[in-house]
S.K.: 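I have a structure here, written as structure tokens, and I will follow up with some questions on it.
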Amino acid sequence: MGGNRKECPLEPRLGDDFSCFTLRASLYYFCFFQVILRTITFTLLFVNRTPKRIDMMRVLRTFIVLFITTGAVLSQETIPLPAGITAGLGIGNFGVTDQYISAAKYAGLTNNFYTRWDKDHQNSHTRIAFGYQYGEKIANHNVSAQVRQFSLRRANLYPVATESLFSRDVAFYLGPSTESFIHLRRQQIASGGAAFRTSYSFAALFSLGINGELVTPLSEKTGLRLGSNLSLLSAGLRIIDLTGESNDSPLKLLIPFTGMTFSANVSIDYRLHRRVALSTGYDLFVSRITAWENFLVASDNLFISLRFFL
């Protein structure tokens, strides 16, 4: 009994079968979600100890220690992430529900533009990305809105492990991130008959989060990348009742249960030249805020970009 049991070493080896790969990948992602859950727990403890006022310095110290230890523990040699300057554009579906203006869902198409700077270090990878999203006719029936969204993110990625899957090396990266997200909307609201009035909505999140990425070469010139980012602690800013009748603060400290952003993407890179690569792929973005009136925005986009290697 048990004489034929297969052992899977923690250290990856070339030629490992799919079961060993799955076992280790599950272990890595278990550790990843443990970091998220422990961080949320620490934040809730702070909230419970100070129901009227959160000790911001204690929260920030916890995140600083978490981010420093994350980088120190995970650094190791692996497949490098692509470096250089990237510029791209995309188009996709966009939907928003904002009870500050209306409980109805507004949807439409948006155009997306983004640029990104990547630099590979010996044991880490730095990324700074800026995105702009614009939609002229985000509508519900005959009522439409103009939407603009901005995002600025910085991420430090550290290699977690390099595995072998179907004779291909697969590298896992993980690290802290900071993100600024701003949503602006100008909307025409029916006010009786054929009359309309203009309403504005504003939401912003300034977040500390965690970023992960998987990269694998498919051939000498082609590679596959999958990435995701989740905010863990945010400073939220919203337009609230401007009549002065509400005492609700426009600025609040948020955890994922009350305010968050999440993004995921998959792309295929093709090297056109020694210094130029073409990428195409899919991007998903979701932001949700419940600390004030419920706010939910989601978009999915197809994109194409060029990367210039420095």
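Numbers here simply count residues along the sequence, with the first being 1.
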S.K.: For Phe181 together with Phe285, are the ring centres under 6.0 Å from each other?
M.R.: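 Aromatic pair counts; centres sit under 6.0 Å.
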S.K.: With a 4.5 Å cut-off on side-chain heavy atoms, are Leu232 and Leu208 touching?
M.R.: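 Not touching, per the 4.5 Å side-chain cut-off.
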S.K.: Mind listing the closest non-hydrogen atom pair of Ser263 and Arg153 along with its distance?
M.R.: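 Of all heavy-atom pairs spanning Ser263 and Arg153, the closest is OG-NH2, 3.1 Å.
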S.K.: Looking only at heavy atoms, which two atoms of Gly212 and Leu174 are closest? And how far apart?
M.R.: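 That would be CA-CD1, 4.2 Å.
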S.K.: Can you tell which of Gln187, His183, Arg185, Lys105 makes a side-chain hydrogen bond (donor to acceptor under 3.5 Å, both in side chains) with Asp98?
M.R.: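 When side-chain hydrogen bond (donor to acceptor under 3.5 Å, both in side chains) is applied between Asp98 and each of Gln187, His183, Arg185, Lys105, only Arg185 qualifies.
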S.K.: According to a 4.5 Å side-chain heavy-atom criterion applied to Ile, Leu, Val, Met, Phe, Trp and Tyr, with indirect links allowed, do Leu306 and Tyr270 form part of one hydrophobic cluster?
M.R.: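 Yes.
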S.K.: What distance separates Ser231 OG from Ile255 CD1, expressed to the nearest 0.5 Å?
M.R.: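 Rounded to the nearest 0.5 Å, the OG-CD1 separation comes out at 11.0 Å.
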S.K.: Measuring only between side-chain heavy atoms, which start at C-beta, is Arg238 closer than 4.5 Å to Tyr100?
M.R.: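 A side-chain contact exists here, since the closest heavy-atom pair is under 4.5 Å.
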S.K.: If you define the side chain from C-beta out and look only at heavy atoms, does anything of Ile289 sit under 4.5 Å from Leu205?
M.R.: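 The answer is yes, as the side chains (C-beta and beyond) meet within the 4.5 Å cut-off.
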S.K.: To the nearest 0.5 Å, how far apart are CG in Leu284 and CZ in Phe262?
M.R.: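 Atom-to-atom, Leu284:CG and Phe262:CZ are 6.5 Å apart.
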S.K.: Apply the side-chain contact (heavy atoms from CB on, under 4.5 Å) test between Leu278 and each candidate in Asp269, Ile304, Ile268; give the one that qualifies.
M.R.: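 Option passing the side-chain contact (heavy atoms from CB on, under 4.5 Å) with Leu278: Ile304.
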S.K.: Once you round to the nearest 0.5 Å, how far does CG of Leu157 lie from CZ of Phe172?
M.R.: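 It is 14.0 Å, given to the nearest 0.5 Å.
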S.K.: Tell me the closest heavy-atom pair linking Ser180 and Phe206, and the distance in Å.
M.R.: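 In terms of heavy atoms, the two residues are closest at OG-CD2, 3.5 Å.
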S.K.: Check the side chains of Arg225 and Ser267 for a donor-acceptor pair under 3.5 angstrom, ignoring hydrogens and angles.
M.R.: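 The criterion, which ignores hydrogens and geometry beyond distance, is satisfied for Arg225 and Ser267.
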S.K.: Are the side chains of Asn301 and Thr110 in contact, using a 4.5 Å heavy-atom criterion?
M.R.: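 Counting from C-beta outward, Thr110 and Asn301 do come under 4.5 Å.
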S.K.: Just grab all the ring-ring contact (aromatic ring centres under 6.0 Å, His included) pairs involving residues 115-136, residues at least two apart or on different chains.
M.R.: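 Applying ring-ring contact (aromatic ring centres under 6.0 Å, His included) to every pair that reaches into residues 115-136, excluding sequence neighbours, yields Tyr132-Phe150.
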S.K.: What pair of heavy atoms forms the shortest contact from Gln146 to Glu136, and how long is it?
M.R.: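 Shortest heavy-atom contact: NE2-OE1, 3.2 Å.
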S.K.: How about Ile128 and Leu152: do any of their side-chain heavy atoms sit closer than 4.5 Å?
M.R.: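 Counting from C-beta outward, Ile128 and Leu152 do come under 4.5 Å.
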S.K.: Is Phe113 reachable from Ile85 through a run of hydrophobic residues whose side-chain heavy atoms are each under 4.5 Å from the next?
M.R.: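 Yes; tracing contacts between hydrophobic side chains, which count when under 4.5 Å, links both residues.
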S.K.: Residues in side chain to side chain donor-acceptor pair (under 3.5 Å) with Arg271, at least two apart?
M.R.: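 Side chain to side chain donor-acceptor pair (under 3.5 Å) check on Arg271 returns nothing, list empty.
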S.K.: How far apart are the closest heavy atoms of Ile182 and Ala204, and which atoms are they?
M.R.: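 Scanning both residues, the minimum pair turns out to be CG1-CB, 4.2 Å.
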S.K.: Can you find a heavy atom in the side chain of Ser299 that is under 4.5 Å from one in the side chain of Gln133?
M.R.: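 A side-chain contact under 4.5 Å exists here.
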S.K.: Any side-chain heavy-atom pair from Leu237 and Pro250 closer than 4.5 angstrom?
M.R.: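 Contact flag for Leu237/Pro250 side chains = yes.
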S.K.: Quick check: closest heavy atoms across Val286 and Ala298, and the distance to 0.1 Å?
M.R.: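 Closest heavy-atom pair between Val286 and Ala298: CG2-CB, 4.2 Å.
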S.K.: What's the separation between atom OG1 in Thr216 and atom CG in Leu226, rounded to the nearest 0.5 Å?
M.R.: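 So the gap between those two atoms works out to 10.0 Å.
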S.K.: Output the rest of the hydrophobic cluster of Tyr114: all Ile, Leu, Val, Met, Phe, Trp and Tyr residues reachable through side-chain heavy-atom contacts under 4.5 Å, sorted by chain and number.
M.R.: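 Direct or chained contacts put Tyr114 with Phe303.
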S.K.: Taking C-beta and beyond as the side chain, do Tyr173 and Leu214 meet within less than 4.5 Å on heavy atoms?
M.R.: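 No, their side chains stay 4.5 Å or more apart.
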S.K.: Sort out for me which residue in Arg127, Arg307, Arg154 forms a salt bridge (Lys or Arg N to Asp or Glu O under 4.0 Å) with Asp118.
M.R.: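 With Asp118 as partner, salt bridge (Lys or Arg N to Asp or Glu O under 4.0 Å) holds for just one option, Arg127.
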